[in-house]
Number of protein chains: 2
Amino acid sequence: MAERSTAGRPGRWRSGAESRQRILETARALFRQHGFGGTTVRAVATEAGVDPAMVFYFFGTKQGLFSAALEMPPHVPPAIEAVFEGGLAGVGERLVRTLVENMDRSDRSPLATLTRSAPTHDQSQALLREFIAREITARLTALLDTPDAEVRAGMVNVQLLGLTVARYIVRIEPIASAPVEELVARFGPVVQHCLTGPPAA
Amino acid sequence: MAERSTAGRPGRWRSGAESRQRILETARALFRQHGFGGTTVRAVATEAGVDPAMVFYFFGTKQGLFSAALEMPPHVPPAIEAVFEGGLAGVGERLVRTLVENMDRSDRSPLATLTRSAPTHDQSQALLREFIAREITARLTALLDTPDAEVRAGMVNVQLLGLTVARYIVRIEPIASAPVEELVARFGPVVQHCLTGPPAA
DNA sequence: GTCTATAGACGGATAGAC
DNA sequence: GTCTATCCGTCTATAGAC
């Protein structure tokens with residue numbers, strides 16, 4: 001955590017930090033595109049312009065690299081917070097909008113990577129389940145006051161998961177190419193209905 | 001060495017067909033559980049009690065085995081037909097019920113296998129897209145008469161895909177353990193609403 | 001049809017020079 | 001910190017004996 005504090009000399013932290021950063025960025029891209037199993041350490045190293053041994057030097061194992069690649073960018077947690085701070089009214093729209101806008105930007109949000117890898121990688125599957133339970137289900141049930149809160153939250157998870165898979169993983173049209181506003185206008189009310197609509201017969 | 005008299009008659013080819021069948025059943029189970037990339041021909045052979053070379057003898061390549069494992073059982077196409085024959089009214093419930101009942105039985109329905117493999121296997125992804133386009137989107141748009149039929153069908157696909165992933169692939173609770181009737185009662189109306197509800201603002 | 005043996009390629013990971 | 005060299009395991013697929 002050495003700070004770059006020297007005035008007048010905007011130097012680098014260390015020469016190795018650059019390699020580390022390039023590896024990390026390449027890994028994020030490849031893991032997101034091909035999943036954990038479909039990505040090789042060698043491919044990451046080649047595309048990052050470094051030696052494969054460097055990857056292990058910095059991250060120990062392939063799984064260590066994967067974990068490092070999943071780190072959330074600092075702007076995501078406050079965005080999630082903001083979704084639920086507004087209360088139950090309009091939370092459906094805010095959920096859909098935040099999800100789609102963040103994933104369209106396709107920066108470091110680890111959600112696409114997790115969703116792509118979860119079906120065939122147990123560790124990703126566990127992480128995805130934990131993320132959903134902690135960030136979505138728990139917050140939704142806290143907002144709800146009905147005996148079927150868990151099921152309603154589950155229905156919302158189905159919407160968000162289905163939307164993610166259809167738009168970013170399997171790319172089903174016309175969902176994959178729809179503009180953000182259309183998705184918000186279409187799915188926002190559906191999500192809201194899952195939460196505040198009449199209970200099932 | 002018994003009757004090998006007739007040249008044109010295969011005689012007792014049954015022993016080979018049995019092996020073939022055992023391989024196929026094992027492959028279906030493993031592909032469904034671990035996807036294409038996560039399943040090895042050796043593992044299939046071992047679990048089926050045959051030699052790995054037998055698998056290649058019967059199916060040529062791993063991809064050939066995969067394709068053979070994806071063959072639909074004969075009772076599935078009529079089930080799909082029945083969903084849409086009833087017209088637009090109640091099609092949401094029939095869609096959800098048919099999907100869940102068939103996949104819970106987890107017989108040879110290839111949908112779980114395709115959905116598990118699609119995120120990391122291009123060929124599975126293409127097959128899944130084709131299946132959805134042919135069996136769901138096309139039939140739904142034929143039933144609808146609105147200018148936004150494609151988007152409405154897309155919304156239904158999101159429901160079905162999300163339900164499949166949540167219940168059978170990633171196993172998100174409480175969706176994964178919910179009784180069939182609860183899912184039908186909850187998601188049937190939502191799917192119906194996607195098709196026949198008021199258009200988005 | 002079934003098995004043994006193996007080719008040929010690839011991927012994760014380590015040791016050690018510089 | 002970076003690279004070379006390599007070990008070791010696993011995988012798909014093939015050749016050929018029986």
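Below, chains carry the letters A, B, ... as their sequence lines are ordered, and counting in each starts from 1. We use all heavy atoms of the structure for the numbers below, so side chains are in, but hydrogens, waters and symmetry mates are not. Small disclaimer: the values here were computed from a predicted structure and weren't measured.
For Ser19(B), a side-chain nitrogen or oxygen approaches OP1 or OP2 of dT2(C) to under 4.0 Å.
The residues Arg105(B) and Glu101(B) are annotated as not salt-bridged, no charged nitrogen and carboxylate oxygen being separated by less than 4.0 angstrom. Ion pairing of Glu81(B) with Arg139(B) is present here, as a side-chain N (NZ or NE/NH1/NH2) and a carboxylate O approach within less than 4.0 Å. Between Glu181(B) and Arg97(B) there is a salt bridge, since a side-chain N of the basic residue sits under 4.0 Å from a carboxylate O of the acidic one.
Heavy-atom contacts from other residues, nucleotides or ligands closer than 6.0 Å to CG of Asp122(B) number 12 or fewer. The 12-atom threshold is not exceeded at CD of Glu47(B), counting heavy atoms of other residues, nucleotides or ligands nearer than 6.0 Å.
Using cut-offs of 30° and 60° for the angle between ring planes, the Phe31(A) and Phe36(A) rings count as parallel.
Closest to the side chain of Asp51(B), out of dT4(C), dG1(D), dT4(D), is dT4(C). Considering only the side chain of Thr40(A), dG12(C) comes nearest among dA13(D), dG12(C), dC3(C). Here the nucleotide nearest the side chain of Phe56(A), chosen from dC3(C), dT14(D), dA13(C), is dA13(C). Checked against dT2(C), dT2(D), dT4(D), the side chain of Phe58(A) finds its nearest nucleotide in dT2(D). Comparing dA15(C), dC3(C), dA13(C) by their closest approach to the side chain of Ala53(B) singles out dC3(C). Taking the side chain of Arg42(A) as heavy atoms from C-beta on, and the options dG1(D), dA13(C), dG1(C), the nearest nucleotide is dA13(C). Nearest to the side chain of Lys62(A), among dA13(C), dC3(D), dG1(C), sits dA13(C).
Separating the CZ atom of Phe66(B) from the P atom of dC11(D) is a distance of 18 Å, rounded to the nearest angstrom. With rounding to whole Å, Arg20(A) atom CZ is found 16 Å from dT2(D) atom C1'. We find that OH of Tyr57(A) is positioned 17 Å from P of dT4(D), with the value rounded to whole Å. Separating the CE atom of Met54(B) from the P atom of dT14(D) is a distance of 15 Å, rounded to the nearest angstrom. Look at CD on Glu18(B): it is 9 Å from P on dT2(C), rounded to the nearest Å.
Contacts with DNA chain D (heavy atom under 4.0 Å) in residues 22-33 of chain A: none are found.
For the atom pair CD (Gln125(A)) and OG1 (Thr120(A)), the distance works out to 9.0 Å, reported to the nearest 0.5 Å.
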